[in-house]
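Just so it is clear: chains get the letters A, B, ... in the order the sequence lines come, proteins before strands, and each one is counted from 1.
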4 protein chains.
Amino acid sequence: MKTAIAGASGYTGETLLRLLAGHPQVELAVVTSRSLTGQPVEDTHPMLRGRLGGLRFSPSEPESLAANGEIDLVFLALPHGTAAAFARPLVESGKKVIDLSADFRLGSPELYADYYGQIHPDPELLQQAAYVIPEISPQSWKNFPLVACPGCYPTSILMPLMPLLQEKLLGAKGIVINSISGISGAGKKADLFYSFIERHESVVAYGLPWHRHLSEIEEQLSTAAEAPVIVQFAPHLAPMKSGIATTITVPGGECSLESLYAAWQNTYRDCPFVSILPSAQHPDTTHVRGSNRIEFSAVFDPRTGNFVITSAIDNLMKGAAGQAVQIMNLSCGFSETAGLL
Amino acid sequence: MKTAIAGASGYTGETLLRLLAGHPQVELAVVTSRSLTGQPVEDTHPMLRGRLGGLRFSPSEPESLAANGEIDLVFLALPHGTAAAFARPLVESGKKVIDLSADFRLGSPELYADYYGQIHPDPELLQQAAYVIPEISPQSWKNFPLVACPGCYPTSILMPLMPLLQEKLLGAKGIVINSISGISGAGKKADLFYSFIERHESVVAYGLPWHRHLSEIEEQLSTAAEAPVIVQFAPHLAPMKSGIATTITVPGGECSLESLYAAWQNTYRDCPFVSILPSAQHPDTTHVRGSNRIEFSAVFDPRTGNFVITSAIDNLMKGAAGQAVQIMNLSCGFSETAGLL
Amino acid sequence: MKTAIAGASGYTGETLLRLLAGHPQVELAVVTSRSLTGQPVEDTHPMLRGRLGGLRFSPSEPESLAANGEIDLVFLALPHGTAAAFARPLVESGKKVIDLSADFRLGSPELYADYYGQIHPDPELLQQAAYVIPEISPQSWKNFPLVACPGCYPTSILMPLMPLLQEKLLGAKGIVINSISGISGAGKKADLFYSFIERHESVVAYGLPWHRHLSEIEEQLSTAAEAPVIVQFAPHLAPMKSGIATTITVPGGECSLESLYAAWQNTYRDCPFVSILPSAQHPDTTHVRGSNRIEFSAVFDPRTGNFVITSAIDNLMKGAAGQAVQIMNLSCGFSETAGLL
Amino acid sequence: MKTAIAGASGYTGETLLRLLAGHPQVELAVVTSRSLTGQPVEDTHPMLRGRLGGLRFSPSEPESLAANGEIDLVFLALPHGTAAAFARPLVESGKKVIDLSADFRLGSPELYADYYGQIHPDPELLQQAAYVIPEISPQSWKNFPLVACPGCYPTSILMPLMPLLQEKLLGAKGIVINSISGISGAGKKADLFYSFIERHESVVAYGLPWHRHLSEIEEQLSTAAEAPVIVQFAPHLAPMKSGIATTITVPGGECSLESLYAAWQNTYRDCPFVSILPSAQHPDTTHVRGSNRIEFSAVFDPRTGNFVITSAIDNLMKGAAGQAVQIMNLSCGFSETAGLL
């Protein structure tokens, strides 16, 4: 099967390139970049030297991609706002589209406008888009031509929380989420704030109190709970390349630790990318580095009546490119783990 | 003035040594270590080469320290349990004692037993001990012969929270605290878990749900609120040498952001080691690295009704050795900032 | 094909486990560890959770491994001295053995005694051992039952240098080699020197002037030059997990930069794991992280008459486990890159 | 004494600001920045919050600085080329000038043109400039109105080497120098190459074979040896904030290790910022972090006849701002260590 990546100059693009270059059933036919057109892809991504067979960046033009009859599936690794302009012609040309931007993550265009500061570029197309975490999204997603890959923070939060809200084990009030991310989450930028010296020895909160991913987190949790869920979300940066560690405090209500674990076991039985750790064994970002796995566990604090749930993912893998490839695998009938082990 | 340090082989001891070696009014007369007796101190702390005038470790014997008539003040940088055995003879000999261990931080010996897993070694001496954060503790602490320096996490939490609880601006329920610490907080250890390879690229929660510092945090907050305060506290490790970043979510009640800032301004006016940052400007551990300052700020989230307060300190400075020197300065009538700028 | 790993508790063992778990033609049948017998392998290597099918560590017994008729090939990831005790029974039982220790790297048992401080444990077996860098070793190595994998530093040094000495382009005198390694090169150790705090912000030379790998470097270079080669070798540690950057200064004699590059191109044509970079483009450890590639390039300094050659590898991959798998692939008739992309 | 800093927006400027803010005999009267004029200095350098008394950046104008009668001494922390334009009016106004740029480091304007790619901006002023490493430069430097502070790499190289060449213990041929620097050496830059992600896990050589500092290294060594000295110099970057580790290979000739150490002891007796370590104990950048000390040691390799000398400094301290303050102290009759411990 031939695939393309639109917008492959950043870290997510690099990870996608690496995964697809090693994928047994996929050929990487076209890789686009607006600013790097004509240049060898491996000049931008030297860690892929020798693995891309001389591939060069193509111009970043939605129409010519759509017109390319060889390509069956396109990954969009573009900024939000730009991705939507690619999605429509590609979907209309009959290609499968897996979008890693935020353009189709939210069901509500109003929410998009609130959080992204611009009118949604193609609200009608939202009808053809499915928000997909493969382990828990309704199986009907495979019928949608356009898949929105979740954000990195949301993946680390929704996977442990959604089954618990769906089964009404936990209430929707008082949830507090703190996440700590590696620097690659900010993208590939010539920006003093992201320089080695400024980030070294630095842990810092940012985007309080309304990070953009909050919109997506709350929309999904509300769907799961069948009631509005409002959470407190505090993201932080830590001096590492990749990884997200998330700590969720959630009032326990009547739920026992055993019920919580039973719900997880039930939901994630046979999921190759989910590691449910015993209570009090805490997920560690270094254990999921380079892997498409998520790890999570929970403890109960009888003094406060809260559960404290912790999770870890690699933001470039399960939080972005890895999950996108997993979605492709399932969508195309490949083994779920193809190219991901 | 002549001082001694009991137990100076670790990172807190090293920081204390550095600060005292550069202090204009203090002479470092005796430095003890059980395991390193007789060795040059700078062999253990090569970053102090040439600054200690040939000082060697003395045996770690409480009685001989107590009998040393030259010494006016002793810092205890010993493990909990051990520190208490030094405190009594030193106090009885009339010396001022500044203890950096946990032995005299808690007013309740029962709480000590619960959290430290052993009977309190000298509960009577608690009467002569004051828990001191110089900016907010009652001035009467100067009359106590024995000062307990707060833990690193508690310092980062209590300084922003205590004035707000004391003034009844905030309620005592639903407080959630997440802290992220550099690795030096764990001490100087030949332990695989703390090796470079295991901590590199690792962010991980630990000690959930009851870290030892929780006892101290809640006891102090309860005193401030004049009511029992129970909080959820989640500490994490991040791949940096020093620094603590703390994020506190606290239900806002009737308090406005302006009132909160006014309370802070009122409490911390003229405090050289406190930087109150504007709302939405987030404290960063790298900005307090090597400094005795604490930084904090707050945002209000009208959707949840919570304040999110963030703070940053250097765990070895304001979180340990720096604060101990600040306490010595005030106790001895030196300038508060002597040796700390 | 079924394989075993003897001694898989360290970082090299972990990398080997990961590579073999993802290898399309190999089944990992037995993994031994003296100290961890009976424990699930993934408890020691949490980054491999879910990928090892419940595999547990077997006892570390050479005879039972040798008697296991299912196993065709055994990797030895054991300390030097110990590996030799496994090699003999395994070779005698007809299995292929790929040894990652130093026991069979040196042709001379006297040199082994000098550099490793002990009598060689099995000098006779040296006759059946081949030292193999697949790209440049004589093809006859495939007839040897026992393969010695080169050390990490030697791989980074020999690959650029050996073709130049073999073709007499460079003389053997005055070669100065400086290498800088990530911390994983020291192994998995609960040792204060290798703690996060001690290695963070630290670059330090060590083992001057005679690091153990010097013996292997000089023996190989002397073979290539058909004359004794004595070099100055200075290894350093830098604060990163993996990677070796090597800088070689070598008097240029009559050789031109073009001839040097021509020799390289000639030797390494069609080698999938070798990237020869243009002059003045310097290899970077981060570009080979997680990869089995080596990168190198050279500049000529007409003022000094020297070439300065720089190279980069991942010490756990091309410097250890990756090269071992490459050797297995070639030895067993698999694709050279199987399991390595 | 009142001082000024021209160009204080970078990391060297920040370190100078910190040192001068804590210096007992100096008042920081004016701090200039072209791009930040009018802004509070502590907004650019948040780690100095509360220590600068509301100081704001002044316009970067040589004439107004020269006309400011209050100021006795000016530090130039400006780019090369720009510094010279400040030096002349300041010198002519009778102020002492300590220049941290490269403009007055080289005696030869031709060499400057070769290495810095531009005509020397004020060759006549070179007559009034002294290149100063306080421990070894001729004492006459105190009579010069303009002091050129050495570069960071040169300091780490010249301090161990110059006494040996001066005393003719070593020859001038075949010297090979490899240095490894923290990222702050590159300055404060919004540049993708210096971003956290690109430098993390990266060791890389650069600037081969002619780094700009080579000109200064060779000019000084030639002066010491009273003969032309040509060396091979290879600088590298390593993933740390500050620090330079230098490894020098130098043919030993007739010199013994004892003679070498005797020459060092003789030269550096009573120098508070020099730590001569025993042979085989290797300097470590983390041991000089934040300190104005240099550490060095040597081993002799009888096989090659070479000495291998290693040194370590903090590039922002002994390699830049610390040494500049040391020069000010000596120039103004303060204690050599004032403000530096």
Nearest 0.5 Å, please: how far is OG in C:Ser195 from NZ in B:Lys188?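 Going from NZ on B:Lys188 over to OG on C:Ser195, the span is 8.5 Å.
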- What closest approach, in Å, do B:Ile197 and C:Ser184 show between heavy atoms, and which atom pair accounts for it?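 Answer, listing the atom of B:Ile197 first, then C:Ser184: CD1-N, 3.4 Å.
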Discussion item. Less than 4.5 Å to any heavy atom of chain C: does that hold for the side chain of B:Tyr11, its backbone, both, or neither?
Written reply: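 Side chain of B:Tyr11 only, per the 4.5 Å heavy-atom cut-off to chain C.
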Side chain, backbone, both or neither: which part of C:Lys241 has an atom under 4.5 Å from a heavy atom of chain B?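 Both backbone and side chain of C:Lys241 come within 4.5 Å of chain B.
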Verdict with reasoning, C:Phe196 to B:Phe196, per ring pair (Phe, Tyr, Trp, His ring centres under 6.0 Å): CA-CA 4 Å; C:Phe196 185 89; B:Phe196 185 88; 5.4 Å; yes
